[in-house]
Amino acid sequence: VATPEVNLQLGDIQSDYSNFVRLYNDYFSFLRLKLYPKKIKSLKQQVSMNKIYYDRLWSQKQDMEADYKITAAQFRRDSLLQIKGVLSDLDLEKSKALLIQKKYNLNVSRTKLAETQSSNLKLDQEVVNAEMEFADQKKKAQNLLIEAMNVLKSRLAFWEQTFIVRSPIAGKVSFTNFWSKNQQVK
């Protein structure tokens, strides 16, 4: 992309041209730096890592559920043995404590899964927001550049109309009189 000349002396249209050059450079710097695409890529990587983490937590929860079921079955057996007088109250309480601990661990695992899922949803929303913000900022920069270009074009057209003599046909112009400095041409 060619950059506009910056050291031109353009008289009346200098400020419009300078504004156009500034917005032009801002727009292409915005595109070249790729800050939003980098942010979006980083967020998507976080989403991907969180999904892997979620899958691992899900697998752990499955194992904990199986372990809980085994412990619950053992507690039921111990309860029957205690009723029959084969198992002491202390052993039944140990079995019940183990069951409660397994249930607690399972609930902690479920909570972590819910938190991770919530985090994934938030990250997905951040990706969408960053993509929308990037599109918005890009469109805004484009619109400002187009507006500055249109202002510059209209000022150039006015300048041409004011300071350039044009003929409807091609040819050579001959002046029979001498012209003085700052004389108006009609």
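- Both L152 and F28 belong to a single network of hydrophobic side chains, linked directly or stepwise wherever heavy atoms of I, L, V, M, F, W or Y lie under 4.5 Å apart.
- Taking each heavy atom of K102 and T71 in turn, the nearest pair found is CG-OG1, 3.6 Å.
- Taking CG of N129 as the start and NZ of K122 as the end, the distance is 13.0 Å to the nearest 0.5 Å.
- Every salt bridge (charged side-chain N to carboxylate O under 4.0 Å, His left out) that E160 has, sequence neighbours left out, goes to R166.
- The hydrophobic cluster containing V86, built from Ile/Leu/Val/Met/Phe/Trp/Tyr side-chain heavy atoms closer than 4.5 Å, also comprises L81, L87.
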Output side-chain donor-acceptor pairs under 3.5 Å for residues 47-57, partner residues at least two apart or in another chain, one line each.
{"residue": "N50", "atom": "ND2", "partner": "S119", "partner atom": "OG", "Å": "3.0"}
{"residue": "N50", "atom": "ND2", "partner": "N120", "partner atom": "OD1", "Å": "3.1"}

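- Atom CZ of residue R155 and atom CG of residue D16 lie 5.0 Å apart, to the nearest 0.5 angstrom.
- Hydrophobic clustering (side-chain heavy atoms under 4.5 Å, transitive across Ile, Leu, Val, Met, Phe, Trp, Tyr) groups L31 together with M149.
- Considering only residues two or more places apart in sequence or on other chains, D12 meets the side-chain hydrogen bond (donor to acceptor under 3.5 Å, both in side chains) condition with none of them.
- L98 and I70 fall into different hydrophobic clusters, where Ile, Leu, Val, Met, Phe, Trp and Tyr residues are linked whenever their side-chain heavy atoms come under 4.5 Å apart, directly or through other members.
- Considering only residues two or more places apart in sequence or on other chains, E131 meets the side-chain hydrogen bond (donor to acceptor under 3.5 Å, both in side chains) condition with K44.
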Identify every side-chain donor-acceptor pair in residues 103-112 under 3.5 Å, counting partners at least two apart or on other chains, and give the distances.
{"residue": "N105", "atom": "OD1", "partner": "Q101", "partner atom": "NE2", "Å": "3.1"}
{"residue": "N107", "atom": "OD1", "partner": "R110", "partner atom": "NH1", "Å": "3.4"}
{"residue": "N107", "atom": "ND2", "partner": "K103", "partner atom": "O", "Å": "3.4"}
{"residue": "R110", "atom": "NH2", "partner": "E65", "partner atom": "OE2", "Å": "3.4"}
{"residue": "T111", "atom": "OG1", "partner": "N107", "partner atom": "O", "Å": "2.9"}

Could you list the donor-acceptor pairs under 3.5 angstrom formed between side-chain atoms of residues 132-147 and any protein atom two or more places apart in sequence or on another chain?
{"residue": "E133", "atom": "OE2", "partner": "Y36", "partner atom": "OH", "Å": "2.6"}
{"residue": "Q142", "atom": "NE2", "partner": "Y27", "partner atom": "OH", "Å": "2.9"}
{"residue": "N143", "atom": "ND2", "partner": "K139", "partner atom": "O", "Å": "3.4"}

Going through the distances and angles, do K153 and F20 end up as a side-chain contact (heavy atoms from CB on, under 4.5 Å)?
CA-CA 10 Å; K153 281 181 180 179; F20 170 75; over 6 Å; no
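- Under a 3.5 Å cut-off, the side chain of Q82 and the backbone N or O of D78 do not form any donor-acceptor pair.
- A donor-acceptor pair under 3.5 Å is absent between the side-chain atoms of D67 and the main chain of D63, judged by distance alone.
- Residues satisfying the side-chain hydrogen bond (donor to acceptor under 3.5 Å, both in side chains) test with D26, not counting sequence neighbours, are none.
- One hydrophobic cluster, built from ILVMFWY side chains closer than 4.5 Å, holds both V21 and F30.
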Criterion side-chain contact (heavy atoms from CB on, under 4.5 Å) on S29 and R32, from CA distance to verdict
CA-CA 5 Å; S29 291; R32 187 177 58 254; 3.2 Å; yes
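- Membership of an apolar cluster is not assigned to L90, as no side-chain contact below 4.5 Å to another ILVMFWY residue is traced.
- Residues K39 and L43 have side chains in contact (heavy-atom distance under 4.5 Å, counting atoms from C-beta outward).
- A search for side-chain hydrogen bond (donor to acceptor under 3.5 Å, both in side chains) contacts involving R76 returns nothing, not counting sequence neighbours.
- Sequence neighbours left out, not one pair with a member in residues 58-77 passes ring-ring contact (aromatic ring centres under 6.0 Å, His included).
- Within the model, atoms OG of S79 and NZ of K84 stand 12.0 Å from one another, a figure rounded to the nearest 0.5 Å.
- Taking the ring pair (Phe, Tyr, Trp, His ring centres under 6.0 Å) definition, one finds that W159 meets it with F163, sequence neighbours left out.
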